Student: 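My questions will all concern the structure given below.
Just so we're clear, the structure is a prediction, and the values are computed from it rather than from any experiment. Residue numbers count from 1 along this sequence.
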Amino acid sequence: MRPSQIVPLVVATALFMENTDSTVIATALPVIAKSLGEDPIALKLALTSYLVSLAIFIPVSGWAADRYGARTVFRAALCVFMAGSLACAGSSSLAGFVAARFLQGMGGAMMVPVGRLVILRSVPKSELVGALAYLTIPALMGPVLGPPVGGFITTYFDWRWIFFINIPIGLAGIALATIFFENVREPERPPLDVLGFLLSGAGLALLMLGLASTGRHLLPDWLSWGSVAFGAVLLAAYFRHSRGVANPVIRLDLLKHGTFRASVTGGSLFRIGTGAIPFLLPLMLQIGFGLDPLRSGLITFASALGALLIKIIGPRILRLYGFRRVMLSNALIASAFLALNGLFTAGTPHWLIVCALLFGGCCRSLQFTCVNAIAYADLDTREMSAATSLASVAQQISLSLGVTIGALALETSARVQGHASITAADFTPAFFTVALISAAAIFSFARLAPDAGAEVSGQKVLATKPGDGSPQTLGPITPLHASEPGRPSA
């Protein structure tokens with residue numbers, strides 16, 4: 001096999017492990033909560049802590065690879081992720097489990113971005129598209145296999161065994177990276193914005209910890225809201241700091257580009273709804289409808305399967321209709337499928353739920369393809385790395401907010417309806433709430449020009465004939481490949 005095939009497959013082991021781990025945990029959350037003696041809603045902290053850790057450390061992954069070498073950082077990241085997995089398996093309290101998930105996130109933040117750097121620096125440009133295909137397809141299999149595997153292990157064994165899946169995969173990744181990766185690094189690199197990293201990292205951590213711990217989960221309410229306030233102050237300080245340094249750790253000035261701004265703002269709103277699904281859906285099926293984890297996993301995997309199927313026809317849809325039309329209409333359709341989850345009952349036929357999740361997964365995946373690709377339509381090469389960092393941070397934070405808002409909607413519904421604990425009826429308003437937030441993304445997408453991102457999509461655009469001012473159709477421009485940052489199933 002050529003390096004253009006081997007290197008992406010090695011990186012795909014890390015992405016496969018990360019994506020499988022996330023979906024396995026989502027399926028097992030109700031059982032983990034029962035084992036730890038916690039309210040299932042409190043386990044939102046296990047999901048948000050991981051996502052916040054990704055958001056904090058992704059921006060420095062490129063600098064670390066340039067400073068210490070991509071192979072060194074990639075192998076160290078795998079070790080950290082495996083250590084976090086073992087810590088999760090050994091956790092006996094909510095605080096310990098949340099801390100272990102944060103440690104996992106530190107490893108995950110370095111694994112995939114650094115792996116992509118290895119691909120970009122070791123594969124010839126002429127073979128890059130094929131190489132990225134070798135990376136994407138195995139990684140997309142993780143969310144498909146994760147729910148059934150997690151459900152099977154949780155139902156017939158102990159939930160702690162789900163974290164041991166990562167160990168052989170991680171060890172294989174370390175061995176293969178040692179053999180096939182070059183320890184590439186940049187001889188010249190800008191200095192790390194240490195103050196910016198501390199301000200942004202502490203601000204994000206405190207803000208999201210405070211929001212996720214409301215409802216007396218882990219922290220008393222006064223401390224939760226204090227964390228929110230202090231985190232907001234630190235983020236405001238970072239915003240001021242970033243305007244006065246040459247190389248800030250997160251470049252907010254990139255939002256001046258209209259396509260990138262629409263991708264970040266509209267994409268974040270849309271992802272809030274998507275981020276709630278891995279949290280709300282298994283809880284509804286297991287706590288609301290009384291299914292065991294295995295049957296729950298055999299239903300929820302349909303969403304990831306839909307995301308995999310749309311990859312085949314997604315580019316054709318974009319070439320026909322362009323980014324703006326697809327993103328506007330598809331945002332509403334995907335949000336409608338999200339709201340549809342709130343109408344399911346214990347008596348709804350399982351095949352009907354699977355079909356709805358399958359089509360909903362297709363729509364969400366198409367939207368993410370659009371959002372991730374148009375982000376880079378108007379950026380030059382020098383801005384790509386910084387843009388990827390900012391987009392990845394926004395992605396992880398919006399997914400984390402989805403979990404937090406979904407949990408808050410559940411708790412509010414239970415409180416209003418006078419339930420001591422959540423019931424099946426509480427999931428309807430929760431799904432409707434996050435669906436409305438996702439649908440609000442259309443206000444960002446509506447500001448795009450009709451031909452926005454035409455170079456990337458290959459859409460046929462109209463130009464003006466010289467002399468008479470009448471429109472003429474130009475052929476499609478060869479689309480640029482835009483890999484999807486962060487988790488493909490986001």
Side-chain angles (χ1 to χ4, degrees), residues 22-23 26 44 47-48 51 55 143 208 211-212 261-284 300 302-304 306-307 310 314 317 323-344 353 356-375 391-410 412-413 426-448 484-490:
S22 298
T23 51
K44 63 186 175 183
L47 300 180
T48 56
L51 296 169
M208 296 310 302
L211 289 173
R261 183 173 61 251
S263 172
V264 171
T265 57
S268 295
L269 285 170
F270 186 79
R271 278 192 180 92
I272 286 176
T274 301
I277 294 175
F279 176 71
L280 292 177
L281 197 56
L283 285 182
M284 182 178 72
T300 57
S303 181
I310 198 64
I317 296 173
F323 279 108
R324 186 178 184 273
R325 289 176 66 185
V326 173
M327 292 166 75
L328 281 172
S329 58
N330 191 61
L332 294 176
I333 296 171
S335 298
F337 273 106
L338 179 55
L340 182 62
N341 293 330
L343 300 179
F344 297 148
I353 298 177
L357 295 180
L358 183 71
F359 286 110
C362 286
C363 295
R364 288 191 296 275
S365 182
L366 177 60
Q367 196 73 2
F368 295 141
T369 298
C370 296
V371 166
N372 293 329
I374 200 173
S392 297
V393 169
Q395 175 177 330
Q396 306 307 332
I397 292 301
S398 59
L399 292 172
S400 179
L401 280 172
V403 176
T404 301
I405 293 172
L408 180 61
L410 272 182
T412 302
S413 174
D426 297 316
F427 289 92
T428 300
F431 275 113
F432 283 6
T433 298
V434 294
L436 282 173
I437 296 173
S438 280
I442 62 172
F443 296 110
S444 293
F445 302 145
R447 301 179 66 180
L448 291 168
E484 190 170 337
R487 299 187 303 172
S489 62

Student: How far does CG of Leu283 sit from NZ of Lys44, to the nearest 0.5 angstrom?
Tutor: 11.5 Å

Student: Heavy atoms, side chains only, cut-off 4.5 Å: are Ile333 and Phe359 in contact?
Tutor: no

Student: Please examine the side chains of Asn341 and Leu357, heavy atoms only from C-beta on, and report whether any two atoms are closer than 4.5 Å.
Tutor: yes

Student: Please report the shortest heavy-atom distance between Ala439 and Leu332, naming the atom on each side.
Tutor: CB-CD2, 4.3 Å

Student: Which pair of non-hydrogen atoms, one from Phe431 and one from Leu338, has the smallest distance, and what is that distance?
Tutor: CD2-O, 3.7 Å

Student: Determine, step by step, whether Phe270 and Phe368 satisfy the ring pair (Phe, Tyr, Trp, His ring centres under 6.0 Å) criterion, reporting the C-alpha distance in whole Å, the side-chain angles of both residues, the deciding distance to 0.1 Å, and the verdict.
Tutor: CA-CA 9 Å; Phe270 186 79; Phe368 295 141; 5.6 Å; yes

Student: Using 0.5 Å steps for rounding, measure from the OG atom of Ser398 to the CG atom of Leu269.
Tutor: 8.5 Å

Student: Do Phe443 and Thr265 come close enough that some side-chain heavy atom pair is under 4.5 Å?
Tutor: no

Student: With rounding to the nearest 0.5 Å, note down the distance linking CG in Leu448 to CZ in Arg325.
Tutor: 14.0 Å

Student: Please tell me if the side chains of Met208 and Leu401 come closer than 4.5 Å, counting only heavy atoms from C-beta onward.
Tutor: yes

Student: Is a donor on one side and an acceptor on the other found under 3.5 Å between the side chain of Ser335 and the backbone of Ala331?
Tutor: yes

Student: Of the non-hydrogen atoms in Ala441 and Gly266, which two are nearest, and what is the gap between them?
Tutor: CB-O, 3.2 Å

Student: Between Ala409 and Ala430, which heavy-atom pair has the shortest distance, and what is it?
Tutor: CB-CA, 3.7 Å

Student: In Å, rounded to the nearest 0.5 Å, how long is the span from CD1 of Ile405 to OG of Ser400?
Tutor: 9.5 Å

Student: Do Val371 and Phe445 have side chains that get closer than 4.5 Å, going by heavy atoms?
Tutor: yes

Student: Is the closest side-chain heavy-atom distance between Thr433 and Thr412 below 4.5 Å?
Tutor: no

Student: Quick check for you: to the nearest 0.5 Å, what is the distance between Ser263 atom OG and Met327 atom CE?
Tutor: 6.5 Å

Student: List the atom of Asn330, the atom of Cys363, and the distance in Å for their closest heavy-atom pair.
Tutor: ND2-O, 2.7 Å

Student: Is Phe337 atom CZ crowded by more than 12 heavy atoms from other residues, nucleotides or ligands, each under 6.0 Å away?
Tutor: yes

Student: State the OG-CZ distance between Ser329 and Arg324, to the nearest 0.5 angstrom.
Tutor: 10.5 Å

Student: Which heavy-atom pair separates Thr274 from Arg364 by the least distance, and what is that distance?
Tutor: OG1-CD, 3.4 Å

Student: So, applying side chain to side chain contact (heavy atoms under 4.5 Å, CB included) with Phe279, which one of Leu47, Leu399, Thr48 is it?
Tutor: Leu47

